[in-house]
Amino acid sequence: MDSIPINTNTMSILNILKQKKIITEESKGLFILKDCLLYEQFTGKTYTYRLVNYMNGKQEYLFHRKKQIDRSSYREIALKIAVSDLFGSDYSRTGLAMIEYIFNKVFTNFGYVLRQEQVNLSKHMYQVMTNGKISMSDIPVGLGKTHAYLVAAIVFKMFHAKSKMKPIIISTSSIELQKAIIKDYIPDISKMLLAYGIIERPVTCIMRKGKDNYLCERRLKDYVESLDPDKKIMSEYVALTKLMNSDGIDLDEIEGISGYDRRKICVNLNNCLTCSIQSNCRYQKHMKKAKKSGHDLQICNHNYFLADVIRKRRGLSGLFPDYDKVVIDEAHKLRDAANQMYGTSISQSEIIKILKKAMPKNDDSTMKKILMNLCNEGIIYSNKFFDELICQIPKELQEEETEKYKTFITQRARVLLSQVTTNLEEIHRAINDRDRKLASDVRRLLRNMKVFNRCHIIYWLEMPYSKGQTILASVPITLSQELGEDLWLNDKSYILTSGTIAVEGDFKYIKNELGMNRIPMTKLQEISKDSPFNFKENCLLYISENTIYPDYDNQQYIDGLIDEIENLIRMSNGHALVLFTSYKPLRLVYQGLANRISEIPLYQMTRGRSDILDEFKASGNGVLFATGSMWEGVNIPGDILSHLIIVKLPFPIPDPFNDYERTCYKTADDYVKEVLVPQMLIKLRQGAGRLIRNETDSGVISILDSRASTKGKYHNDVIKALPKCRLGKEHCEINAFLKQKKPHSFFE
């Protein structure tokens with residue numbers, strides 16, 4: 001009996017029973033025991049106590065008293081309730097039945113809309129966890145996959161005692177989703193399940209992040225003591241001093257701290273080894289708490305999850321307690337995270353920083369003069385090395401919207417890299433005994449630099465045009481194979497889900513990217529769901545027949561594009577997001593239209609401009625010209641976004657990955673079919689997903705690429721990839737459709 005909790009939080013269940021007139025308005029709830037509520041009624045002379053099973057509405061009289069009972073008698077009464085025929089009479093006895101009950105009864109009583117496809121998805125995920133399998137699910141916006149996997153996870157832990165002490169890992173790409181799970185989803189679900197007596201305590205979860213997201217008390221103290229209040233921005237100084245007297249640990253939750261200050265006070269594990277306050281450190285206490293196995297769920301991003309995987313691969317201790325169930329949401333971003341975590345990079349700014357730090361404070365002695373010369377030479381050779389790499393970038397890539405710039409490590413570059421390496425090795429020998437942290441940084445940098453003398457890597461440049469900030473990065477050619485061996489060929493259960501990991505229900509492309517081809521067919525399950533939104537009724541798809549083959553260097557193409565986009569903007573009176581694949585055409589089209597359209601506010605997205613989205617949302621009927629991050633993960637509610645204009649099919653921009661992948665296929669056509677087209681369609685779906693975000697949204701998707709037109713090569717692929725919408729052929733159909741769907745004020 002001690003294992004059945006007495007829940008005195010009866011208000012939610014009590015109100016539901018009163019609304020259904022199962023009990024009277026005067027009834028007072030005392031406590032919930034599993035699926036039963038004990039309630040009290042005062043007749044004027046005595047207090048009557050009855051039991052009601054809130055799942056089926058059945059009741060029975062228990063006893064009456066002249067005086068009210070108090071809490072001290074609850075345990076004794078609970079023992080009597082436990083032998084009642086009502087107790088547990090309609091309680092779900094299997095995990096699948098419990099999931100049905102939670103969605104059908106519990107959530108709906110709290111105002112949630114029942115979607116049977118969501119229930120089926122949650123049951124599928126539960127079965128995957130139960131059977132130790134791997135699931136790939138392509139789930140559109142609006143079906144509720146987050147609730148589906150959270151309920152599946154909670155119910156799994158309820159019905160599998162052996163797994164109660166093991167957390168379920170939930171990995172996502174965006175910090176926004178992680179925060180929503182921690183602060184919104186889990187507390188809300190816990191409240192509802194507690195109210196119905198389904199769980200005995202709130203679901204516990206904890207956010208896991210990299211060390212640079214957390215405060216180091218020692219570094220904070222040293223940094224604040226080094227500051228001159230008269231030279232520091234006052235608001236930042238106040239925030240730092242206030243932090244010294246708080247118990248804050250997560251830097252993402254602390255306001256007023258600049259990015260520069262954050263780098264000065266975040267945790268650096270090299271300092272932890274010799275820290276005098278290690279035993280009382282906030283960060284160390286947080287990590288001990290996080291690593292305990294008592295949390296039901298551990299929430300992290302893909303990089304952190306893969307860091308745990310890589311540590312275990314190397315024979316090191318893991319970041320998480322022992323686990324065997326993993327949910328990977330936003331799974332289409334897992335490969336990008338793997339590129340970072342399995343890859344190697346050397347940063348121009350980091351090399352210069354380390355060399356400057358190694359410089360002696362004065363150069364009186366012969367040894368210090370030698371060290372000074374080594375550092376100065378290293379800086380010169382390093383800058384020449386990166387300049388040589390930047391010179392090798394093909395000219396056609398300089399205007400493209402890419403993060404990975406193709407380059408070549410020429411013989412001259414190898415000589416320069418070798419010289420920097422030699423200088424660092426000599427510096428390391430000179431400072432090894434004096435500065436442990438600096439010596440550790442030099443050793444790590446040397447290990448990374450030596451990678452670029454190996455074969456079997458794919459390498460590229462990042463930020464080549466940000467002075468002094470260039471990064472040379474690489475991943476092993478065998479990345480997919482390594483990822484497959486580290487993740488899928490074990491006894492763990494994985495649920496990979498996203499709105500865009502399949503092309504027409506086919507997961508072939510993403511499975512190849514993630515090294516999933518060796519998973520036995522009996523272990524892997526695939527599931528695709530249709531959107532719950534009525535696209536046929538609420539969305540019009542217009543594919544232009546007026547544009548020529550896309551070529552940004554062709555002025556005729558640019559002029560035609562400007563004419564077409566102007567007409568489309570006027571048909572919807574603004575309210576538009578115009579998506580490009582690179583900045584060059586964005587800039588040309590924006591400049592061309594800024595002189596033609598004055599009555600509708602136009603906004604141009606530029607690199608580093610973070611406030612432009614807020615301005616667009618507040619504009620009423622503005623038009624945002626954007627690229628890059630605006631293709632996915634952006635939610636723009638209401639009528640402000642009612643017209644999505646996709647200028648060009650988002651084929652991947654050439655980069656070293658493409659170059660290597662092309663060599664793995666017999667013909668160029670095979671490569672296009674198996675890799676480039678799936679990549680394009682997945683990103684197209686991501687972009688199209690910006691428009692319809694709920695049941696009441698309506699709008700138009702316009703595609704201006706001639707390759708998607710009725711005579712274009714990819715017309716059928718595009719039609720099949722997008723939700724089934726009405727099709728429009730003329731500009732006037734856009735105007736007519738929106739006038740039918742929108743209020744009169746939309747066109748004012």
For this session: Anything under 30° is parallel, anything over 60° is perpendicular, the rest tilted; go ahead and classify F31 against Y74.
Result: tilted
Exercise. Can the positive tip of K492 be found less than 6.0 Å from the middle of the six-membered ring of Y323, inside 45° of the ring normal?
Worked result: yes
Problem set entry | Pairing residues for E253 by the side chain to side chain contact (heavy atoms under 4.5 Å, CB included) criterion, not counting sequence neighbours | K179, K183, D250
Problem set entry | I32 versus K34, closest heavy-atom pair with distance | CG2-O, 3.6 Å
Exercise. Is a donor on one side and an acceptor on the other found under 3.5 Å between the side chain of S246 and the backbone of L243?
Worked result: yes
Problem set entry | Check against side chain to side chain contact (heavy atoms under 4.5 Å, CB included), N15 and L17 | CA-CA 5 Å; N15 289 338; L17 293 173; over 6 Å; no
Exercise. What residues form a salt bridge (Lys or Arg N to Asp or Glu O under 4.0 Å) with R313, not counting sequence neighbours?
Worked result: E482, D486
For this session: Check whether the side chains of N635 and R690 place a donor and an acceptor atom closer than 3.5 Å, and report yes or no.
Result: no
Problem set entry | salt bridge (Lys or Arg N to Asp or Glu O under 4.0 Å) involving K683 - partner list, sequence neighbours excluded | none
Problem set entry | Pair S498, E330: side-chain N/O donor-acceptor within cut-off below 3.5 Å | no
For this session: Apply side chain to side chain contact (heavy atoms under 4.5 Å, CB included) to the pair L624 and V578, showing each step before the final yes or no.
Result: CA-CA 6 Å; L624 175 59; V578 187; over 6 Å; no
Problem set entry | From I510 atom CD1 to L334 atom CG, the distance as rounded to the nearest 0.5 Å | 7.5 Å
Problem set entry | side-chain hydrogen bond (donor to acceptor under 3.5 Å, both in side chains) partners of T500, counting only residues at least two apart | Q686
For this session: Examine distances only and state if a side-chain atom of S122 and a backbone atom of V119 form a donor-acceptor pair shorter than 3.5 Å.
Result: no
For this session: Flag the pair I181 / I186 as yes when at least one side-chain heavy-atom distance between them is below 4.5 Å, and no otherwise.
Result: yes
For this session: List in chain and number order the residues that pass salt bridge (Lys or Arg N to Asp or Glu O under 4.0 Å) with D35, two or more places apart in sequence or in another chain; answer none if no residue qualifies.
Result: none
Exercise. Between Y149 and F156, is the gap from one ring center to the other below 6.0 Å?
Worked result: no
Problem set entry | Over 12 non-hydrogen atoms of neighbours within 6.0 angstrom of NZ in K105 | no
Problem set entry | Heavy-atom donor-acceptor pair, T108 side chain to L114 backbone, under 3.5 Å | no
Seminar exercise, completed: Taking every heavy atom of P321 against every heavy atom of Q298, the minimum-distance pair comes out as CD-NE2, 3.6 Å
For this session: Answer yes or no: is there a donor N or O on one side and an acceptor on the other, between the side chain of S92 and the main chain of T94, under 3.5 Å?
Result: no
Exercise. Would you call R219 and D222 a salt bridge, taking side-chain N to carboxylate O under 4.0 Å as the test?
Worked result: no
For this session: Go through the structure and list residues passing side-chain hydrogen bond (donor to acceptor under 3.5 Å, both in side chains) with H302, not counting sequence neighbours.
Result: S171
Problem set entry | Residue pairs, two or more places apart or on separate chains, that pass salt bridge (Lys or Arg N to Asp or Glu O under 4.0 Å) and touch residues 134-160 | D138-R685, K145-D329
Problem set entry | Parallel, tilted or perpendicular: ring planes of Y112 versus F107, cut at 30 and 60 degrees | tilted
Seminar exercise, completed: Separation between CE (M129) and OH (Y494), nearest 0.5 Å, reads 13.0 Å
For this session: For residues G144 and Q118, report the shortest heavy-atom separation together with the two atoms involved.
Result: O-NE2, 2.9 Å
Problem set entry | Contacts of Q340 that satisfy side-chain hydrogen bond (donor to acceptor under 3.5 Å, both in side chains) - sequence neighbours left out | N303
Problem set entry | Selection residues 242-264 - residue pairs positive for ring-ring contact (aromatic ring centres under 6.0 Å, His included), sequence neighbours left out | none
For this session: Assess whether side chain to side chain donor-acceptor pair (under 3.5 Å) is satisfied between S698 and K742, documenting all intermediate values.
Result: CA-CA 8 Å; S698 59; K742 305 295 183 180; 3.1 Å; yes
Exercise. Is E255 atom CD crowded by more than 12 heavy atoms from other residues, nucleotides or ligands, each under 6.0 Å away?
Worked result: no
For this session: For the pair D697 (side chain) and R693 (backbone), establish whether a donor and an acceptor sit closer than 3.5 Å, ignoring hydrogens and angles.
Result: yes
For this session: Could you pull out all residues at least two apart from H124 that satisfy side-chain hydrogen bond (donor to acceptor under 3.5 Å, both in side chains)?
Result: S135
Problem set entry | Taking every non-hydrogen atom, the tightest pair across I640 and S619 | CD1-OG, 3.6 Å
For this session: Could you go through the salt bridge (charged side-chain N to carboxylate O under 4.0 Å, His left out) check for D252 and K209 one step at a time?
Result: CA-CA 10 Å; D252 290 328; K209 301 180 181 181; 2.7 Å; yes
Problem set entry | Minimum-distance pair of heavy atoms, taken over all atoms of L644 and A688 | CD2-CA, 3.5 Å
For this session: Look only at the side chain of T172 and the backbone of S174, and say whether a donor-acceptor pair between them is shorter than 3.5 Å.
Result: yes
For this session: Search all heavy atoms of A331 against all heavy atoms of L496 and return the closest pair with its distance.
Result: CB-CB, 3.9 Å
For this session: Check the surroundings of atom CD1 in I233: do more than 12 heavy atoms from other residues, nucleotides or ligands lie under 6.0 Å from it?
Result: no
For this session: List the steps, then state whether side chain to side chain contact (heavy atoms under 4.5 Å, CB included) holds for L514 with W488.
Result: CA-CA 9 Å; L514 299 179; W488 321 122; 4.3 Å; yes
Problem set entry | Residue K312 excluded, over 12 heavy atoms near NZ under 6.0 Å | yes
Exercise. Okay, side chain of R208, backbone of L319: is any donor-acceptor separation there less than 3.5 Å?
Worked result: yes
Seminar exercise, completed: In this structure, CD of Q604 is separated from OG1 of T627 (nearest 0.5 Å) by 11.5 Å
Problem set entry | side chain to side chain contact (heavy atoms under 4.5 Å, CB included) assessment of I134 paired with V128 | CA-CA 6 Å; I134 297 173; V128 167; 5.8 Å; no
Exercise. Is it true that atom CG of N104 has more than 12 heavy atoms of other residues, nucleotides or ligands lying nearer than 6.0 Å?
Worked result: yes
Exercise. Nearest 0.5 Å, what's the OH-CG distance between Y126 and L121?
Worked result: 15.5 Å
Seminar exercise, completed: Residues passing the side chain to side chain contact (heavy atoms under 4.5 Å, CB included) test with T204, sequence neighbours excluded, are R201, H295, D296
Exercise. Would E236 and K232 pass as an ion pair if we require N to O under 4.0 Å?
Worked result: yes
For this session: State whether E632 and K333 are salt-bridged, where the test is any N-O pair (Lys NZ or Arg NE/NH1/NH2 against Asp/Glu carboxylate O) under 4.0 Å.
Result: yes
Problem set entry | E100: salt bridge (Lys or Arg N to Asp or Glu O under 4.0 Å) partners, not counting sequence neighbours | K123
For this session: Can you measure from CG (D247) to CD (E217) and round to the nearest 0.5 angstrom?
Result: 9.5 Å
Seminar exercise, completed: The reported gap from CZ in F507 to OG in S528 (rounded to nearest 0.5 angstrom) is 3.5 Å
